[in-house]
Amino acid sequence: MTDDILRQYLSFYRDLGVKNLYRAAAPAVQEEIAESPQVGPPAQNSVVSPPKPVRSPLPELHPSDDTLVQIGQDIGDCKRCRLGEGRKKIVFGSGNEQARLVFVGEGPGADEDEQGLPFVGRAGQLLTQMIEGTAHKEGIPLSRADVYICNVVKCRPPENRTPLPDEMEICGQFLYRQLMAIRPKAICALGSTAVKALLGTKEGVTRLRGHWQKWRDIPVMVTYHPSYLLRPYNQNAKKEAWEDLKKVLHYVYD
Ligand code: URA
């Protein structure tokens with residue numbers, strides 16, 4: 001790998017918000033990519049050799065002709081992090097590949113893990129209702145199939161726990177590519193994990209919601225995660241989420 005390519009990779013990962021890179025243990029036999037730097041867990045006894053100009057083990061930098069199909073193929077039967085061990089199905093994302101609006105959630109739950117589709121459980125039903133109900137009330141002809149829905153991590157975290165920073169970093173490259181391939185007019189970040197992944201801030205949803213933020217040059221509206229809205233004591237938040245959604249829908253579809 002040349003200095004120039006390495007520099008491009010580093011700025012690619014910096015844009016993703018990745019702060020730590022790890023060197024993976026070299027496979028026992030790997031002629032073609034032997035001694036090239038890799039992203040992965042630190043090797044116990046590896047010797048760092050000077051990089052050679054060989055085939056890169058890293059994913060392409062969102063090539064201009066990137067497609068969701070290609071990204072799905074690159075994910076493959078992913079075992080890049082521990083979440084790959086416990087999942088049933090990878091939940092890549094679903095909806096219109098040319099959507100003008102993309103919703104980003106946290107990660108699959110049990111129902112999503114079973115079906116391989118995002119937001120199909122209780123929170124998903126609420127999200128669908130919110131999208132379609134708000135659009136209908138506002139006179140915007142829109143169904144769930146018109147938008148694109150995906151998550152920060154593509155595999156279900158055990159016990160539905162919050163994804164860990166390294167899981168978000170590793171899976172983040174695919175979210176990055178999905179967003180670059182779709183290039184929507186706006187993104188709606190659902191809850192604090194999506195906020196962290198997209199905006200790189202720990203600022204709470206309550207403070208950020210309702211105001212436009214940016215991911216690269218794409219406007220981002222932050223709102224509450226539908227699971228949060230399902231809790232009976234958060235009914236006020238429901239009204240706020242509806243307001244946020246109204247704003248996004250008018251911005252994108254007027
Ligand atoms: N919660 C999420 O964040 N994503 C899903 O796909 C389902 C529930």
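Counting starts at 1 for both ligands and their atoms, in listed order. Just so it is clear, the model here is predicted, and its values are computed rather than measured.
- For T193, the side-chain hydrogen bond (donor to acceptor under 3.5 Å, both in side chains) partners are E106, not counting sequence neighbours.
- Among G93, G107, G105, the residue whose heavy atom sits closest to atom 2 (C) of ligand 1 is G107.
- For ligand 1 and P118, the ligand atoms under 4.0 Å from any heavy atom of the residue are 6 (O).
- For E112 and R156, the salt-bridge test fails: no basic side-chain N is under 4.0 Å from an acidic carboxylate O.
- The distance criterion of under 3.5 Å between nitrogen or oxygen atoms is met by N151 with respect to ligand 1.
- The shortest N or O to N or O distance between F119 and ligand 1 is below 3.5 Å.
- Within ligand 1, counting atoms from 1 as listed, the ones closer than 4.0 Å to a heavy atom of H225 are 1 (N), 2 (C), 3 (O).
- Compare R122, E112, E106 by their heavy atoms: the one nearest to atom 3 (O) of ligand 1 is in E106.
- At a cut-off of 3.5 Å, with distance as the only test, a side-chain donor of D74 or Q70 sits close to an acceptor on the other residue.
- Of the listed residues (L101, L142, I140), just one forms a side-chain contact (heavy atoms from CB on, under 4.5 Å) with I131, and that residue is L142.
- Separation of the F119 and H225 ring centroids falls under the 6.0 Å cut-off.
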